[in-house]
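Structure first, commentary second.
Within every chain, numbering begins at 1; the chains are lettered A, B, ... in the order of the sequence lines, protein sequences first and strands thereafter.
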Protein chains: 2
Amino acid sequence: MPGTLTWQWIAAEARRRVAVRQWPPGSRIPDEAQLAAEFGCARATVNRALRELAAAGLLVRRRRAGSFVAELPVRKATFEIQVIRQEIAARGLRPGYRLLEAASLPVPAPVRDLLGLAPGTPFRHLRALHLADDRPFCLEDRWLNPATPGLEGVDFAAVSANEWLVRNRPFSSGTIAFFALAADPGLAALLDCRPGEALFAVERATFAGADPITAVRLTYGPGHRVTAPI
Amino acid sequence: MPGTLTWQWIAAEARRRVAVRQWPPGSRIPDEAQLAAEFGCARATVNRALRELAAAGLLVRRRRAGSFVAELPVRKATFEIQVIRQEIAARGLRPGYRLLEAASLPVPAPVRDLLGLAPGTPFRHLRALHLADDRPFCLEDRWLNPATPGLEGVDFAAVSANEWLVRNRPFSSGTIAFFALAADPGLAALLDCRPGEALFAVERATFAGADPITAVRLTYGPGHRVTAPI
DNA sequence: GCCGTTATTATGTCTGCACATATTGCCCCT
DNA sequence: AGGGGCAATATGTGCAGACATAATAACGGC
């Protein structure tokens, strides 16, 4: 055991003790100082290991109270949100892009609520199709704040709004939602599927601080799956 | 600036510098020692801050090369996977549960591939309906390794397999996938919706080390959304 | 001029110490 | 017995210094 130190080893050992019920769910585990003594390392090293396990949902830590094994551990799955072009390339396909529509319109009510806007606010509305090996991959339907800095003069026929935003307005906060959707005739024609077919869709709303930047719905072609390791 | 230290302040300041293009995408940022000098703190503190930003996808760090602002930052959305009963309770609804079917059957091919099993392996097959305020919420269709320790004698009419596993075989690894699905007549009857309606579904495969534990598909009622902050 | 070896450098991690902070539980006062 | 205040305690974070490691850049031999 000594010699193989590092916080990762300690984290793995703690995981093992939880898995074999040496530290049963709900129980309090020895405090950092005790573990540091047992493993023959500094308390900071134990702290690093346990902090990691708490972030993973395995432990619950409370000041003065101690560290406890989670009763009903909340597992966390982390999905990576890439630029769509990269998402397509990662599947070994050739990405393509076609702008369908660009206009300035008053935002519809659902988007208004999502972004917290006043009724009648004009936003830029964009619809574009992302292609993989020349076949429809996903429809991007976006409402974009016209006050976004740097927006004037951008040609969204050449660069997708998706990619322009990631490059130019990155690091914003927001929410993401996944859901299922039946293809209406228009969607079916665009995504090359049967009307009524079940499609997978993602909606994102993003903000820079309190300022709304964009709301987007990405509707994927039939059979699309989003996966992540647990 | 001095006095307000903590790694969180440094992380926020670094985020700001990236956002205002003081540190443009792709550029190399000053190294930890320089930043520590600038902020008047220890290198370990800067390290903690930058490590956090790298985990968030904002920075890319390479030994000897330095820290760089990500070109196309890969945003990460973290979904919490709760026990279904808690998921229902969190929506302010009364959770219910009904076991529909329990049998020992040879695993079908798709599940076999997912879990890496030999053909003809017998697994325990469970189907159960989770209810919210007595209305169908989600159908659980599960294949469970009969060799799972502690499994014998568990009454899955009283406890959902979902919850039993989280309590008794937690902390396993695996994969999760989200996708859309059209309701077949059987599903439609169970989930109280129209046949052909688009439904949201989740598939998980979980392992303890290399040993397969379970494969499960959760098919949610119409209109279900899964959301996460970014 | 090309290629393999070596030195340099920035990050990754550990140690040992210190103080801050949030609770909890005990004690004391009423 | 009950309630409020205080001290004990475990985590959270900070500092300075050190060595490990990986990847690059510089160098030297052929």
Side-chain angles (χ1 to χ4, degrees), chain A residues 1-15 17-18 22-71 73-74 76, chain B residues 1-15 17-18 22-71 73-74 76:
Chain A
M1 177 160 26
T4 344
L5 297 202
T6 71
W7 66 268
Q8 312 202 32
W9 187 89
I10 294 174
E13 170 63 12
R15 289 196 113 98
R17 292 188 182 183
V18 170
Q22 181 177 342
W23 293 344
S27 67
R28 196 186 140 175
I29 72 172
D31 66 47
E32 294 183 349
Q34 285 175 270
L35 291 173
E38 178 189 344
F39 295 133
C41 68
R43 187 170 75 89
T45 308
V46 175
N47 181 285
R48 172 79 188 271
L50 299 189
R51 178 156 35 88
E52 217 78 12
L53 297 186
L58 193 81
L59 298 179
V60 178
R61 315 191 77 200
R62 296 202 323 272
R63 280 189 175 171
R64 152 76 218 207
S67 299
F68 301 81
V69 180
E71 278 293 353
V74 177
K76 294 178 173 106
Chain B
M1 177 161 22
T4 345
L5 298 204
T6 73
W7 65 270
Q8 312 201 30
W9 185 89
I10 294 174
E13 170 64 10
R15 286 197 116 96
R17 292 188 183 183
V18 170
Q22 182 177 340
W23 292 344
S27 68
R28 198 187 138 174
I29 72 172
D31 65 49
E32 293 182 348
Q34 284 175 274
L35 291 172
E38 178 190 343
F39 295 133
C41 67
R43 186 171 77 88
T45 309
V46 174
N47 182 286
R48 172 81 187 268
L50 298 189
R51 179 156 36 87
E52 217 78 12
L53 297 186
L58 194 81
L59 298 179
V60 178
R61 315 191 77 202
R62 296 204 322 270
R63 281 191 173 169
R64 151 79 218 210
S67 299
F68 300 81
V69 179
E71 265 319 332
V74 177
K76 295 180 170 97

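Phosphate proximity of D:dG12 to B:Gln8: absent, as no side-chain N or O sits under 4.0 Å from OP1 or OP2.
End-to-end axis angle of the helix from C:dG1-D:dC30 to C:dT30-D:dA1, using five pairs per end and rounding to 10°, comes to 0°.
One interatomic measurement links the two molecules: CD1 of B:Ile29 to P of C:dA10, which rounds to 13 Å at whole-angstrom precision. Going from atom CZ of B:Arg51 over to atom C1' of C:dA10 covers 15 Å, rounded to whole Å. Counting to the nearest Å, the P atom of D:dT13 and the CH2 atom of B:Trp9 are 17 Å from each other. Between the CH2 atom of A:Trp7 and the P atom of C:dG12 there is a distance of 12 Å, given to the nearest Å. Taking atom CD of residue B:Glu52 and atom P of nucleotide D:dG12, one finds them 13 Å apart after rounding to whole Å.
Not a single salt bridge (Lys or Arg N to Asp or Glu O under 4.0 Å) links A:Arg51 to another residue, sequence neighbours left out. Listed by chain and number, the residues in a side chain to side chain contact (heavy atoms under 4.5 Å, CB included) with A:Ala65 are A:Arg62, A:Phe68 (sequence neighbours excluded). Residues satisfying the side chain to side chain contact (heavy atoms under 4.5 Å, CB included) test with B:Ala42, not counting sequence neighbours, are B:Thr45. Partners of B:Arg64 according to the side chain to side chain contact (heavy atoms under 4.5 Å, CB included) rule, which considers only residues two or more places apart in sequence or in another chain, do not exist here. Checked against side-chain hydrogen bond (donor to acceptor under 3.5 Å, both in side chains), A:Glu32 has the following partners two or more places apart in sequence or in another chain: A:Arg43, A:Asn47, A:Arg61.
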How would you summarise protein contacts on nucleotides 4-10 of chain D per nucleotide, using B for base, S for sugar-phosphate only and - for none, with heavy-atom distances below 4.0 Å? ----BBB

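With rounding to the nearest 0.5 angstrom, the CZ atom of A:Phe39 is 11.0 Å from the OG1 atom of A:Thr6. With rounding to the nearest 0.5 angstrom, the CZ atom of B:Arg48 is 11.5 Å from the CG atom of B:Leu53.
In the region residues 42-50 of chain A, proximity to DNA chain D at under 4.0 angstrom, judged on heavy atoms, holds for A:Arg43, A:Asn47.
When side chains are defined from C-beta on, A:Leu58 does not count as touching A:Pro73, because their heavy atoms never get closer than 4.5 Å. Side-chain atoms of B:Val60 and B:Val69, non-hydrogen and from C-beta on, never get closer than 4.5 Å to each other. Residues A:Leu50 and A:Ile29 have side chains in contact (heavy-atom distance under 4.5 Å, counting atoms from C-beta outward). Counting only heavy atoms from C-beta outward, the side chains of A:Ile10 and A:Cys41 approach each other to under 4.5 Å.
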